[in-house]
Every structure is written in C-alpha cells, then in structure tokens.
Amino acid sequence: MSEEQVQGRAEEVALPEQPTHPEAELKTSDFYHIKNLPERFNHPDWFEGYNAKSQHPFYATSASVCGSQPPSVHTMPTQFHGRSQKFSAALGMFGMYRNHSLNTAMDRSKV
C-alpha cells in the first residue's frame, strides 16, 4: 500500500472534533451514547490520585500497571444502574440489631 493510499484512508475515518482550547475537558457523552450516567462518570478528568507512589518492579503486576493510568473517555462506563438504599435507610432510622436475650454466663472478677 502506498503512502498516498494510507493518507487517503486516514482522511476517510471520521473522528470526533477535538476541543480547540487545550484545557477544555473531554466528556464521555462526546464520544458515546450514555444512559442514566452520573456526572462523575461523564468527566474522567475529575478522577485524581493516580501514580501516587512507585512500586518495586519485582512486585508489579499487570493490574497495578493498568490501575496506575488515569481513566479516559474510552474506559469510563456508559451506563449506570444504581441500587436501592432501602435497607441502609431502615438501619439509619432504627439502628443495628441488639441481642436482648438472657445472659447466663458468669461474670469474671476484674480484680
């Protein structure tokens, strides 16, 4: 394949417009259709704390290498299915279970 053919194919691929301002942040919704997505997942630039401390190469795993990279719009989820907080809300209203049964054990002397 000649260089002209490669350039012609690269021009055919439609990429989303990149922001002209260098500090403009990219959103997940700019690239993908999102459904019921909280704002924190729509803005991957909001996540911080990656590459906090270096790890000894002997103990480095592929998971730690992948986890050390900040998220991009392509690695963020496009859907969100939250869970109901009914159980936690009931615990907050009434408190944790407390056992009120009869204590038959002998008390130890603290002396």
Spacing of [atom1] belonging to [X] relative to [atom2] belonging to [Y], to within rounding of 0.5 Å:
{"X": "Asn42", "Y": "Ile34", "atom1": "CG", "atom2": "CD1", "result": "4.5 Å"}
{"X": "Ser29", "Y": "His43", "atom1": "OG", "atom2": "NE2", "result": "7.0 Å"}
{"X": "Asp30", "Y": "Glu25", "atom1": "CG", "atom2": "CD", "result": "9.5 Å"}

Indicate yes or no for a side-chain donor-acceptor contact from His56 to the backbone of Phe58 under 3.5 Å, with no hydrogens or angles considered. yes
Look at the side chain of Thr75 and the backbone N and O of Ser72, then say whether any donor-acceptor pair between them is shorter than 3.5 Å. yes
Transitively linked via ILVMFWY side-chain contacts under 4.5 Å: Leu37 with Phe47? yes
Heavy atoms from other residues, nucleotides or ligands near NE2 of His74 exceed 12 (cutoff 6.0 Å): yes
Do the side chains of Pro44 and Thr28 get nearer than 4.5 Å, heavy atoms only? yes
Met76 side chain near Tyr32 side chain, heavy-atom distance below 4.5 Å: no
Could you note down all residue pairs passing ring pair (Phe, Tyr, Trp, His ring centres under 6.0 Å) where residues 75-111 supplies at least one of them, sequence neighbours left out? Phe41-Phe80
